[in-house]
Amino acid sequence: MSENAQAPVFSIEKLYVKDLSLEVPGAPRIFLDRENPQINVQLRTEAAGVDEGVYEVTLTVTVSAKLADERTVFLVEVAQGGIFQIRNIPEGDLEPVTMIGCPNILFPYAREAISDAITRAGFQPVVLAPVNFEALYQAQQQQQPEAREPGELPIQ
């Protein structure tokens, strides 16, 4: 029985859209433009303790589309949240779980929310490519480990 008490625990308690924003500043004239916009995607992951062994992880995805003359076609941002129970994991492994494992779970939901919002705004859907959060985490760790806040992983 004591072995099970120390077994690692990882479970999804709740997945939800924490924030969703859509802007189409040039509407309705922007719909008359036939130029293909340049799409820019930015990701940001944050984790915070909610209770003992319970963490909220938020993956924020920002997608912007601009024309060659720098006019913004649309800007969509979704903060996909999740509450995770994470227990009996060594302290050194907690950050990789919250910055790699949890975002891997959250990303498909964020991708769907982004695509749906863009489609509802009257544009062709933007389907985001899969993201390798492990590679991004490792690159961020090597780049500037002392410059970032603990529990935050900005990715561009």
Side-chain angles (χ1 to χ4, degrees), residues 8-28 30-50 53-86 89 93-145 147-156:
V9 174
F10 179 87
S11 66
I12 302 168
E13 299 298 314
K14 185 75 174 169
L15 300 174
Y16 54 95
V17 173
K18 189 171 183 174
D19 188 24
L20 176 63
S21 170
L22 169 68
E23 297 175 32
V24 185
I30 203 74
F31 293 108
L32 302 175
D33 225 316
R34 300 291 179 232
E35 181 183 341
N36 285 329
Q38 178 68 36
I39 304 294
N40 181 33
V41 179
Q42 295 180 335
L43 304 172
R44 180 179 181 88
T45 303
E46 296 176 283
V50 176
V54 178
Y55 298 86
E56 177 191 45
V57 177
T58 305
L59 173 63
T60 303
V61 181
T62 306
V63 178
S64 61
K66 290 189 176 196
L67 298 175
D69 63 4
E70 292 299 311
R71 285 184 297 151
T72 299
V73 177
F74 62 79
L75 175 67
V76 180
E77 183 171 86
V78 66
Q80 182 69 45
I83 299 173
F84 299 89
Q85 187 176 157
I86 307 170
I89 293 177
D93 294 339
L94 185 59
E95 187 176 68
V97 169
T98 59
M99 295 292 126
I100 299 169
C102 296
N104 274 322
I105 293 167
L106 297 173
F107 184 73
Y109 297 94
R111 178 175 50 204
E112 180 183 11
I114 291 284
S115 181
D116 185 54
I118 292 169
T119 302
R120 288 178 183 266
F123 299 101
Q124 293 294 318
V126 173
V127 180
L128 301 176
V131 175
N132 183 339
F133 287 98
E134 183 176 4
L136 292 173
Y137 176 77
Q138 289 173 349
Q140 186 71 18
Q141 290 294 101
Q142 292 171 358
Q143 246 181 3
Q144 42 184 302
R148 65 181 180 84
E149 293 290 320
E152 278 189 15
L153 181 60
I155 304 167
Q156 293 191 12

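Rounding to the nearest 0.5 Å gives a distance of 4.0 Å between OG of Ser11 and CD of Gln85. With rounding to the nearest 0.5 angstrom, the OG1 atom of Thr60 is 9.0 Å from the CG atom of Leu43. Interatomic distance, Gln38 CD to Asn40 CG, rounded to the nearest 0.5 Å: 7.5 Å. Here Gln80 contributes atom CD and Thr58 contributes atom OG1; the two are 9.0 Å apart, rounded to the nearest 0.5 Å. With values rounded to the nearest 0.5 angstrom, Ser64 atom OG is found 6.5 Å from Gln42 atom CD. Atoms CD1 and CD, from Ile83 and Glu13 in turn, are 8.0 Å apart once rounded to the nearest 0.5 Å.
Residues Leu67 and Val73 are in side-chain contact: their nearest non-hydrogen atoms beyond the backbone lie under 4.5 Å apart. The closest side-chain heavy-atom distance from Phe84 to Val9 is not below 4.5 Å. Between Ile100 and Val97 the shortest side-chain heavy-atom distance does not fall below 4.5 Å. Contact check for Glu95 versus Gln141: side-chain heavy atoms found under the 4.5 Å cut-off. Taking the side chain as every heavy atom from C-beta outward, Val78 and Tyr109 never approach each other to under 4.5 Å. Annotation: side chain of Cys102 is not in contact with side chain of Phe107 (no heavy-atom distance under 4.5 Å). Leu75 places a side-chain heavy atom less than 4.5 Å from the side chain of Thr62.
Nearest heavy-atom pair, Glu46 versus Met99, reported as atom, atom and distance to 0.1 Å: C-CE, 4.0 Å. The two residues Ile89 and Ile86 come nearest to each other via the heavy atoms CD1-CG2, 3.1 Å. Nearest heavy atoms, Thr45 versus Thr98: CG2-O, 4.0 Å. Ile30 and Thr72 get closest at one heavy-atom pair: CD1-O, 4.2 Å. Smallest separation of non-hydrogen atoms from Ala117 and Leu20: CB-CD1, 4.5 Å. Contact detail for Pro125 and Ile118: the closest heavy-atom pair is CA-CG2, 4.4 Å.
Note: Phe123 and Phe31 meet the aromatic proximity criterion, with ring centroids under 6.0 Å apart.
Taking a 6.0 Å sphere around CD of Glu35, one finds it holds more than 12 heavy atoms contributed by other residues, nucleotides or ligands.
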Next on the checklist: Run Gln142 and Tyr137 through side-chain hydrogen bond (donor to acceptor under 3.5 Å, both in side chains) and show every step you take.
Outcome noted: CA-CA 9 Å; Gln142 292 171 358; Tyr137 176 77; over 6 Å; no

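Formation of a donor-acceptor pair under 3.5 Å by the Thr119 side chain with backbone atoms of Ser115 is found in this model.
The one candidate from Val131, Asn104, Ile105, Leu106 that meets the side-chain contact (heavy atoms from CB on, under 4.5 Å) condition with Leu59 is Leu106.
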